[in-house]
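Residue numbers run from 1 in the order of the sequence given.
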Amino acid sequence: MQLSKIVQDLRINWAKGDALRDEGLKTPDDILRFDDISYGPYGKDNLLDIYVLKGTKTIQPTIVNIHGGGWVYGNKEVYQYYCMSLAQRGFTVVNINYRLAPETRFPGAVCDINNALKFIENHGAEYFVDKDRLILVGDSAGGQLVSHFATILTNPGFAKLFDFEVAKVTVKALGLNCGTYDGRAMATDRNDEVFLEYIDCMDKTPDDALVERVDALKYMNSHYPPSYIMSTECDFLLPCAQPMYDYLTGMGVPCEIKIYGDKNRPEIGHVFHVNCKLPEAKICNDDECEFFKKYV
């Protein structure tokens, strides 16, 4: 497959930035890792890691991380230090790979998330994972994926649009970090080139059936999980945060919104919370985990 220039450039430049961000970091001494566990049939794209505090004896409330990367970039290694820092806050953390666009189009990543949760349903207890006290977190494109999959979990009508049996797990809360959430707008306004790569509509207009399947907002309801919605003053996706908060709270979903940083701190920008070297990332992740603990 011939990759578009934007995908090639994103993969090269973001990988360089992520490597620099994590340079010098190592696995904390108090963390036990279970690496490269297969949860599905697609090789390295269907691997996950699990992190837990050493000495853990029983299943724990569990965070499942869905990485960002514009649907076209990223893997669990890029998020390992962030995820281990969440485990240090008293959670088991599952950190997954999923298939990327354009090699795999929508809904491939959604199917992979479901298969990862099916693995948790059937084998999670072996790794201190509590399938009935799950939290899904995602940032940027991962935020879109989390918001979309949470709708599948909480609205059977939306789930029927997808050709898989939904995992039997219970999601108690979400972390929606620097995300984008309006799939219908992204599909029809055609302003987000990588999203069009993801849904295979670079050179064509999406049909009504496809738009319906990406329009999670339409199917969100009062059963949607409590959500922590986070962005920053220097986040290019900041305009997505308040409308999502207003939309969910308007349906009675418990939510908290927090906008970090200021216009003079560009380093506190898009997905800053993944940078374990930033004091502000610690503050943000502490805030978010305190929100989760209210629901698990």
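Between the side chains of D45 and Y98, no donor N or O sits under 3.5 Å from an acceptor N or O. Side chains of R133 and T170: a donor-acceptor N/O pair is absent below 3.5 angstrom, by distance only. Residues D30 and Q88 have side chains that bring a donor and an acceptor to within less than 3.5 angstrom of each other. Q144 and D182 are not linked by any side-chain donor-acceptor pair at a separation below 3.5 angstrom, with hydrogens and angles left out of the test. Side-chain atoms of S140 and H270 include a donor-acceptor pair closer than 3.5 Å. One side chain, D18 or Y73, offers a donor N or O that lies under 3.5 Å from an acceptor on the other. Between the side chains of T151 and N155, no donor-acceptor pair of N or O atoms lies under 3.5 Å.
Across every non-hydrogen atom of L145 and A109, the tightest pair is CD2-CB, 4.1 Å. Shortest non-hydrogen contact noted between I268 and G261 is CG2-CA, 3.9 Å. Across all their heavy atoms, G143 and L176 have their closest contact at O-CD2, 3.9 Å. Contact record, K294 with E256: NZ-OE1, 3.9 Å, taken as the closest heavy-atom pair. Taking all atoms of both residues into account, the shortest heavy-atom contact from V7 to P102 is CG1-CD, 4.1 Å. Among all heavy-atom pairs drawn from S231 and A241, the shortest one is CB-CB, 4.0 Å.
By the 4.0 Å N-to-carboxylate-O rule, E233 lies too far from R265 to be salt-bridged with it. Between E165 and K168 a salt bridge is recorded (basic side-chain N to carboxylate O distance below 4.0 Å). Using a 4.0 Å cut-off between a side-chain N of Lys or Arg and a carboxylate O of Asp or Glu, D36 and K76 qualify as a salt bridge. The pair K118-E121 does not count as a salt bridge, with every side-chain nitrogen at least 4.0 angstrom from each carboxylate oxygen. E212 and R184 are joined by a salt bridge, as a carboxylate oxygen and a charged side-chain nitrogen come within less than 4.0 angstrom of each other. Ion pairing between a basic and an acidic side chain is recognised when a charged N comes within 4.0 Å of a carboxylate O; D215 and K218 show no such pairing.
Heavy atoms from other residues, nucleotides or ligands lying under 6.0 Å from CG of D189 number more than 12. Counting non-hydrogen atoms of other residues, nucleotides and ligands closer than 6.0 Å to CG of D207 gives a total above 12. No more than 12 heavy atoms of other residues, nucleotides or ligands lie within 6.0 Å of NZ in K44, so this atom counts as exposed by the packing criterion.
Linking Ile, Leu, Val, Met, Phe, Trp and Tyr residues whenever their side-chain heavy atoms come within less than 4.5 Å places V129 and V296 in a single cluster. With hydrophobic clusters built from ILVMFWY side chains whose heavy atoms lie under 4.5 angstrom apart, I6 shares a cluster with M186. Residue V211 is not grouped with residue I152 when hydrophobic side chains (ILVMFWY) are merged at heavy-atom distances under 4.5 angstrom, including chains of intermediate members. I59 and Y295 fall into different hydrophobic clusters, where Ile, Leu, Val, Met, Phe, Trp and Tyr side chains are chained together by heavy-atom contacts under 4.5 Å. Grouping the Ile, Leu, Val, Met, Phe, Trp and Tyr side chains by contacts below 4.5 angstrom, directly or via other members, places L237 apart from V146.
When side chains are defined from C-beta on, I229 counts as touching L248, because their heavy atoms get closer than 4.5 Å. Annotation: side chain of V78 is in contact with side chain of R21 (closest heavy-atom distance under 4.5 Å). Side-chain contact between Y228 and C255: absent, with no pair of heavy atoms (C-beta onward) separated by less than 4.5 Å. Within the 4.5 Å cutoff, side-chain heavy atoms of V194 are placed close to those of L10. Side-chain atoms of F106 and W71, non-hydrogen and from C-beta on, never get closer than 4.5 Å to each other.
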Give the intermediate values and the outcome of side chain to side chain contact (heavy atoms under 4.5 Å, CB included) for residues T232 and F272. CA-CA 8 Å; T232 88; F272 77 99; 3.3 Å; yes
Assess whether side chain to side chain donor-acceptor pair (under 3.5 Å) is satisfied between E280 and N275, documenting all intermediate values. CA-CA 9 Å; E280 291 84 359; N275 186 348; over 6 Å; no
With side chain to side chain contact (heavy atoms under 4.5 Å, CB included) as the criterion, how do D139 and M230 come out once you've worked through the C-alpha distance, each side chain's angles and the decisive distance to 0.1 Å? CA-CA 9 Å; D139 57 71; M230 181 277 283; over 6 Å; no
As a quick check of understanding, evaluate side chain to side chain contact (heavy atoms under 4.5 Å, CB included) for F119 and I37, giving each step before the final call. CA-CA 10 Å; F119 176 88; I37 302 167; 3.4 Å; yes
In sequence, state the C-alpha distance, the side-chain angles, and the governing distance for F128 and F34, and then conclude on side chain to side chain contact (heavy atoms under 4.5 Å, CB included). CA-CA 11 Å; F128 310 107; F34 303 94; 4.2 Å; yes
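The one candidate from N65, V94, D35 that meets the side chain to side chain contact (heavy atoms under 4.5 Å, CB included) condition with L48 is V94. The one candidate from I135, V137, I120 that meets the side chain to side chain contact (heavy atoms under 4.5 Å, CB included) condition with V64 is I120. Checked against H273 for a ring-ring contact (aromatic ring centres under 6.0 Å, His included), the options Y260, Y79, Y82 give a single hit: Y82. The only option from Y224, F162, Y219, Y181 that meets the ring-ring contact (aromatic ring centres under 6.0 Å, His included) definition with H148 turns out to be F162. When each of K258, R89, K293 is checked for a salt bridge (Lys or Arg N to Asp or Glu O under 4.0 Å) with D287, only K258 meets the rule.
By the 6.0 Å and 45° rule, R99 stacks over the aromatic ring of Y42.
Side-chain atoms of R190 come within 3.5 Å of backbone atoms of C201 as a donor-acceptor pair (strictly under, hydrogens ignored).
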